[in-house]
There are 2 protein chains.
Amino acid sequence: MPGSKLDEIDRMILAELQADGRMTNVELAKRVGISAPPCLRRVRTLEEQGYIRGYHADVDSRELGFEVQVFAMVGLHKQAEADLSAFEERCRNWPLVRECHMLNGEVDFILKCVAPDLRSFQSFLTGELLTADNVAHVKTSLVIRCAKDEPGVPFDVLEERLARDA
Amino acid sequence: MPGSKLDEIDRMILAELQADGRMTNVELAKRVGISAPPCLRRVRTLEEQGYIRGYHADVDSRELGFEVQVFAMVGLHKQAEADLSAFEERCRNWPLVRECHMLNGEVDFILKCVAPDLRSFQSFLTGELLTADNVAHVKTSLVIRCAKDEPGVPFDVLEERLARDA
DNA sequence: AAAGTTGCGCAATTTCATTTCTCATTCGCA
DNA sequence: TGCGAATGAGAAATGAAATTGCGCAACTTT
């Protein structure tokens, strides 16, 4: 069933695959201490139950010519659900917007954007984002450098917490 | 050599592996239209040259009990390089901080944090972040919901751009 | 305590990854 | 124009991994 609890081995599997998504199943099985077939069954189950959403290569966007990363804080005029959804849908259709999170507080959304250069970002900003319907104000901040970028779950914190609650 | 330009096939490989990092090499080769051995060689080369930084399972942190996501805007008192680096190093050692980006403008850093619940985030905020050396002010925003989360490169934009420049 | 359920490991089969060779194309250079 | 050398593709072979089927043991449930 969806929601059935994970045991120690499942969490180890998730941690290993988060760290290296292309690990072979036999290597994974060795690391978590069971044989390959049950290990593969567990992985499939974790995928079906949604614990694993997918696997992705981590591609260096700067190497590919996307030199610019920007965080954009967006405020809307109206915040009825229909307005919020409409803006989210627009974000999903803007390829330069890679993330769109709705926030509490004065700012309604934060967007993480990429662009080949400052010029094309400005073009997107003035031509698309600022002129989009219902957008009240946008404050942008250029990313100077990135000190840490590890999307995912801090499994060490999770284990601590489980140990404490036990 | 590092820096040698990518051709059409290389970009297709990157796009495919970004979309599905566990694709088998034969499937990948079929999709990009070459045979398996040269395809594997290209993948290895892309890895060595740093175009591919790694592969990761996309694990659902909410399913694992991390209910809370927060963006934290951090300002420091002093911004000499040593001060900036020191703060970055601290971020790398905080497991709840998953991303740390240095920004231009009034805010010095933006952090993306996760936590099991609000209480443990508040505890981190007051006990660690706010009391850390050189931290002047922190403004936090809770993530209400996430409309888009697709880290990586918009390959459609890349291809457009290459077609235009050609 | 018997029956059902769950999950493991072993063994066999299919599929894939990886290496090795050979061949075609391209480019520099005489 | 023609001769290597280099680059990169495909074909075949080999070894490793993924996947399936099955039996067994432990734990629940009744």
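In the text below, chain A, chain B and the rest are named by the order of the sequence lines, each starting its count at 1.
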Novice: Got a second to check how far B/M73's CE is from B/S141's OG, nearest 0.5 Å?
Specialist: 4.5 Å
Novice: Looking at A/Y55 versus B/Y55, is the centre-to-centre ring distance below 6.0 Å?
Specialist: no
Novice: In this structure, how many angstroms lie between the C1' atom of D/dG10 and the CD1 atom of B/I9, rounded?
Specialist: 13 Å
Novice: Using the six-membered ring wherever Trp is involved, compare the ring planes of A/F87 and A/F109 and label them parallel, tilted or perpendicular (cut-offs 30° and 60°).
Specialist: tilted
Novice: To the side chain of A/R22, which of D/dA18, D/dT19, C/dA17 is closest?
Specialist: C/dA17
Novice: Whole-Å distance between D/dT7 C1' and B/L6 CG?
Specialist: 16 Å
Novice: Check the distance between D/dT19's C1' and A/E47's CD and give it to me in whole angstrom.
Specialist: 14 Å
Novice: How many whole angstroms separate atom NZ of B/K30 from atom C1' of C/dA17?
Specialist: 15 Å
Novice: Side chain of A/P37: nearest nucleotide among D/dT20, D/dA9, C/dT18?
Specialist: D/dT20
Novice: To the nearest Å, how far apart are A/R44 CZ and D/dA17 C1'?
Specialist: 12 Å
Novice: Could you tell me the separation between the CG atom of B/L40 and the P atom of C/dT18, rounded to a whole number of Å?
Specialist: 5 Å
Novice: Of the options D/dG10, C/dT18, C/dC8, whose atoms approach the side-chain atoms of B/A36 most closely?
Specialist: C/dT18
Novice: Between A/S85 and A/E81, does a side chain to side chain donor-acceptor pair (under 3.5 Å) hold up when you go through it step by step?
Specialist: CA-CA 6 Å; A/S85 307; A/E81 176 55 32; 2.7 Å; yes
Novice: For D/dA9, does the base pair up with any side-chain atom of B/R41 as donor and acceptor (N or O, under 3.5 Å, distance only)?
Specialist: yes
Novice: Looking for any heavy atom pair under 4.0 Å, which part of the strands does A/T24 touch: base, sugar-phosphate only, or nothing?
Specialist: sugar-phosphate
Novice: Measure the distance from CD1 on A/I34 to P on C/dC10 and round it to the nearest whole Å.
Specialist: 12 Å
Novice: Would you kindly confirm whether B/L130 and B/F71 end up in one hydrophobic cluster when ILVMFWY residues are joined by side chain heavy atoms under 4.5 Å apart?
Specialist: no
Novice: Counting side-chain heavy atoms from C-beta on, which of D/dA9, C/dA17, D/dA18 comes nearest to B/P38?
Specialist: D/dA9
Novice: Output the single nucleotide from C/dA17, C/dG9, D/dA17 whose closest atom is nearest the side chain of B/V26.
Specialist: C/dA17
Novice: If you only use heavy atoms from C-beta on, which nucleotide in C/dC8, C/dA17, D/dA17 is closest to the side chain of A/R42?
Specialist: C/dC8
Novice: CG of A/L28 versus P of D/dA18: gap in Å, rounded?
Specialist: 9 Å
